[in-house]
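Chain letters run A, B, ... following the sequence lines, proteins first and then strands; every chain starts at 1.
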Amino acid sequence: MRLDGPVDEVAPTLLGAVLRAGEVSVRLTEVEAYAGESDPGSHAFRGRTPRTEVMFGPPGRAYVYFTYGMHWCMNVVTGPDGHASAVLLRAGEVVDGLDAARHRRGHVAHRDLARGPARLTKALGVDGSYGGVDLLDPSAPLTLSPGERPRSSSIRTGPRVGVAGAGAPTPWRFWIDGDPTVSVYRPAVPRKRTARP
DNA sequence: GCCAGGATGTTCT
DNA sequence: GAACATCCTGGCA
């Protein structure tokens, strides 16, 4: 699979692809594109930092980061080289290793096992130690391989709400229409201040 | 069912 | 010191 094109072209081709970590495999049903340095919503917007280093590297690597003090989220780094673009994996369907996934996620409905970016990494057992892994290397602990691509007519797309980027490339979400594992979209709300006594 | 609020730590200002 | 590419629980309908 080719990951070195423009991120908004590469992202929809990831739908239907299969991500495998150990015995658990997930079929991707929802992704979100981040355009890199020019995208105010991207971690790479403020330039190269130790955390975002991987995004500036070659395509096909995993960019894994920790957020909200308890969740891991995972991106696939895309090209072209020199652009820190990446695709956030937002949701998928567990298609193999159900027992292991359920063990990690507890007793939830099958459709909820990997519905959401942090749930997806938890179902797979992915954490920061997987950062920088070459997903296209078959012997890697975390791999991405082509799956059955959904019909193009069943792919839906929408602009991300909450990011005003006048003139900047717009980030997009892509999902498989009607798939029960697609995460429910909630616009980002400003967080209230955490009051301390 | 829906909504409000809290958890929790890394990163950057 | 505040924001953060989130998730879960508990209260109320």
Assess whether side-chain contact (heavy atoms from CB on, under 4.5 Å) is satisfied between M55(A) and V77(A), documenting all intermediate values. CA-CA 6 Å; M55(A) 277 200 282; V77(A) 175; 4.3 Å; yes
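Nearest to the side chain of R46(A), among dC12(B), dT6(C), dA5(C), sits dC12(B). Nearest to the side-chain atoms of N75(A) among the listed nucleotides dA5(C), dT6(C), dC12(B) stands dA5(C). Among the nucleotides dC7(C), dT6(C), dA7(B), the one closest to any side-chain atom of R119(A) is dC7(C).
Stacking of the aromatic ring of F66(A) onto the base of dG9(B) is not found under the criterion of centres within 5.5 Å and planes under 30°.
For the pair F45(A) CZ and dT11(B) C1', the computed distance is 16 Å after rounding to whole Å. The nearest whole Å value for the distance from the CG atom in D112(A) to the C1' atom in dT9(C) is 15 Å. Whole-Å rounding puts the E53(A) CD to dT10(B) P distance at 19 Å. What separates OH of Y63(A) from P of dT10(B) is a distance of 14 Å, to the nearest Å. L88(A) has its CG atom 16 Å from the P atom of dC4(C), to the nearest Å.
For dC8(C), the OP1/OP2 oxygens have a side-chain nitrogen or oxygen of R105(A) closer than 4.0 Å. Taking only side-chain nitrogens and oxygens, T67(A) never comes nearer than 4.0 Å to OP1 or OP2 of dT10(B). OP1 or OP2 of dA5(C) has at least one side-chain nitrogen or oxygen of H43(A) nearer than 4.0 Å.
Between V126(A) and W72(A) the shortest side-chain heavy-atom distance does not fall below 4.5 Å. Looking at heavy atoms from C-beta onward, R27(A) lies in side-chain contact with D179(A) at the 4.5 angstrom threshold.
One can find a donor-acceptor pair under 3.5 Å joining the base of dA5(C) and the side-chain atoms of Y65(A).
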